[in-house]
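One structure is given below, encoded as structure tokens.
Residue numbers run from 1 in the order of the sequence given. Order of listing sets the numbers, starting from 1, for every ligand and every atom in it. Because only heavy atoms are used, hydrogens play no part in the values below, and waters and symmetry mates are left out as well, while side chains stay in. Predicted model, so just to flag it, every value in this text is computed and none were measured.
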Amino acid sequence: MKPNQNEFTNGATHTEKPPLVMSALKTETMSAHKQLERTNYFIRLFEPDYSIQEYRRLLCRFYGFFSAIEPLIFENLTETQLSVLGHKVKVGLLAKDISLFEGDEAGLQNMPQCDKLPRLNSFARQMGALYVLEGSTLGGRIIAKRLKEHFGTEILDKLNYYNCYGENISVEWKGFQSFMGSQFDDKEAEIPDVIAAANDTFLCLHQWFDKP
Ligand code: HEM
């Protein structure tokens with residue numbers, strides 16, 4: 001078994017139907033996702049005069065959000081859950097990317113942190129938030145490609161977050177889908193909570209990105 005693979009990531013194929021909880025999440029958060037994509041930080045990514053400093057600012061915003069929310073998402077998980085999800089923590093990848101910018105010696109200590117976060121007081125709500133953070137790696141494929149085309153070799157070492165799973169992205173996503181199915185498809189009553197937390201997370205992230 002390769003590193004990061006486990007019972008939820010090692011045999012999934014692309015033809016399998018996603019579990020109920022994942023189909024519901026996709027449908028019910030589509031509008032929040034679209035609205036987030038339309039914020040200035042993401043529109044700018046695809047404009048011809050996009051600068052490397054803007055990319056740094058995008059990473060810093062993400063850092064301010066991930067560093068605040070990830071401890072809440074991964075808090076109180078069981079060892080079994082952590083063995084499947086533990087490698088999904090991404091704040092270290094963002095920190096690494098930010099540290100690679102020249103003149104960034106001031107470090108991350110003074111980086112603003114998001115203080116308006118969704119309520120994550122149950123496993124269902126924690127997983128709704130994780131869905132949003134994990135899903136950002138899917139759009140990340142498009143964004144990493146765009147950044148490489150726009151900036152060339154200068155950007156290659158600064159894609160640790162956006163390219164975090166590399167070639168394994170589909171396997172990771174299928175594994176996450178399968179894990180979510182194993183946790184929620186026989187607990188349908190909890191699915192509305194998962195969805196509500198995912199939408200709250202999109203909203204908090206949106207507000208954080210809109211903040212001056
Ligand atoms: C310019 C910015 C973005 C673009 C162009 C984009 C694009 C995409 C695309 C194309 C997919 C579908 C990929 C696939 O099915 O293989 C996707 C999925 C997703 N993205 Fe984004 N995205 C962006 C930003 C974000 C951000 C900032 C987040 C959250 C932090 C996010 C969360 C998600 C989620 C949760 C999914 C999974 C949807 C599902 O259930 O299938 N995206 N995105």
Side-chain angles (χ1 to χ4, degrees), residues 12-48 50 54-55 57-70 72-73 85 88-91 93-94 97 114 116-118 120 125-150 155 159 161-181 183-185 191 194-211:
T13 70
H14 291 273
T15 49
E16 285 162 21
K17 210 169 152 232
L20 179 67
V21 61
M22 293 304 285
S23 311
L25 274 164
K26 184 173 183 155
T27 313
E28 300 292 329
T29 63
M30 201 172 276
S31 159
H33 180 279
K34 283 216 172 82
Q35 285 173 39
L36 183 62
E37 255 187 81
R38 289 191 201 115
T39 54
N40 200 42
Y41 273 93
F42 295 110
I43 289 173
R44 284 291 300 149
L45 263 174
F46 296 93
E47 288 185 341
Y50 190 62
E54 283 180 276
Y55 177 55
R57 284 200 289 277
L58 173 70
L59 293 173
C60 290
R61 274 294 151 125
F62 269 130
Y63 180 85
F65 195 78
F66 278 60
S67 62
I69 199 170
E70 277 186 340
L72 307 179
I73 291 177
L85 302 177
K88 296 191 178 296
V89 176
K90 295 181 183 60
V91 69
L93 301 173
L94 287 162
D97 286 337
C114 180
K116 190 168 178 291
L117 294 168
L120 302 183
R125 292 192 62 92
Q126 285 169 295
M127 292 305 102
L130 182 59
Y131 162 80
V132 177
L133 270 52
E134 196 57 16
S136 72
T137 61
L138 294 178
R141 268 185 303 201
I142 298 169
I143 292 165
K145 184 167 172 275
R146 152 71 185 155
L147 291 168
K148 280 188 220 163
E149 282 164 8
H150 186 64
I155 202 77
L159 293 172
Y161 163 66
Y162 263 129
N163 204 14
C164 62
Y165 298 129
E167 300 285 296
N168 281 334
I169 176 89
S170 300
V171 176
E172 282 289 335
W173 184 247
K174 284 281 166 192
F176 182 63
Q177 287 186 319
S178 168
F179 173 78
M180 291 291 276
Q183 303 297 307
F184 296 107
D185 277 4
I191 294 180
V194 181
I195 293 169
N199 272 317
D200 289 352
T201 305
F202 267 120
L203 182 66
C204 290
L205 191 55
H206 192 151
Q207 288 169 342
W208 175 239
F209 271 109
D210 267 353
K211 242 183 149 163

Out of the candidates Leu205, Leu133, Val91, only one should pair with Ile69 under the side-chain contact (heavy atoms from CB on, under 4.5 Å) rule; please name it. Leu133

Nearest protein heavy-atom contact for atom 24 (C) of ligand 1: which residue, which atom, what distance? His33 NE2, 4.1 Å

Kindly compute the distance separating CZ (Arg38) from NE2 (His33), expressed to the nearest 0.5 Å. 11.0 Å

Protein residue, atom and distance nearest to atom 1 (C) of ligand 1, heavy-atom basis: Phe42 CB, 3.6 Å

How close does the nearest protein non-hydrogen atom get to atom 28 (C) of ligand 1, and which residue and atom is it? Ser136 CB, 3.6 Å

Could you tell me, atom by atom, which parts of ligand 1 come under 4.0 Å of a heavy atom of Phe46? 1 (C)

Determine whether any heavy atom of Leu25 lies closer than 4.0 Å to an atom of ligand 1. no

What residue and heavy atom of the protein are closest to atom 12 (C) of ligand 1, and at what distance? Leu138 CB, 4.5 Å

Return the residue, atom name and 0.1 Å-rounded distance of the protein heavy atom closest to atom 38 (C) of ligand 1. Tyr131 OH, 3.2 Å

Charged N-O contact under 4.0 Å between Glu70 and Lys90: no

Mind checking whether Lys26 contacts ligand 1 via backbone (N, CA, C, O), side chain (CB onward), both or neither, at a 4.0 Å heavy-atom cut-off? both

Once rounded to the nearest 0.5 Å, what's the spacing between atom NZ of Lys116 and atom CG of Leu203? 5.5 Å

Just which atoms of ligand 1 are under 4.0 Å from any heavy atom in Ile143? 1 (C), 2 (C), 3 (C)

Can you list the steps and then say if Met127 with Leu85 is a side chain to side chain contact (heavy atoms under 4.5 Å, CB included)? CA-CA 10 Å; Met127 292 305 102; Leu85 302 177; 3.8 Å; yes

What orientation do Phe66 and Tyr161 show, parallel under 30°, tilted 30 to 60°, or perpendicular over 60°? perpendicular

Is it true that Val132 lies under 4.0 Å from ligand 1, counting heavy atoms only? yes

Does any N or O atom in Glu37 lie less than 3.5 angstrom from one in ligand 1, N or O only? no

What residue and heavy atom of the protein are closest to atom 9 (C) of ligand 1, and at what distance? Gly139 CA, 4.1 Å

Between the CD atom in Gln35 and the OG1 atom in Thr29, the distance rounded to the nearest 0.5 Å is 11.0 Å

Taking 4.0 Å as the limit for heavy-atom contacts, which would you say applies to Leu36 with ligand 1: side chain only, backbone only, both, or neither? side chain

Nearest non-hydrogen contact to atom 19 (C) of ligand 1 from the set Gly135, Ala24, Ala32 belongs to Gly135

Quick one: which of Asp97, Leu147, Ile143 gives a side-chain contact (heavy atoms from CB on, under 4.5 Å) with Leu159? Leu147

Compute the minimum heavy-atom distance from Arg141 to ligand 1 and say whether it is under 4.0 Å. yes

Would atom 17 (C) of ligand 1 count as contacted, meaning some protein heavy atom under 4.0 Å? yes

So that I can tick it off, tell me whether Arg44 and Glu47 are bridged by a salt bridge, with the cut-off set at under 4.0 angstrom between side-chain N and carboxylate O. yes

Would you kindly say whether Gln177 and Tyr131 are connected by a side-chain donor-acceptor distance under 3.5 Å? no

Check each atom of ligand 1 against the heavy atoms of Ile142 and keep those under 4.0 Å away; list them by number with element. 10 (C)

A side-chain contact here means heavy atoms from C-beta on lying under 4.5 Å apart; do Gln207 and Phe202 qualify? no

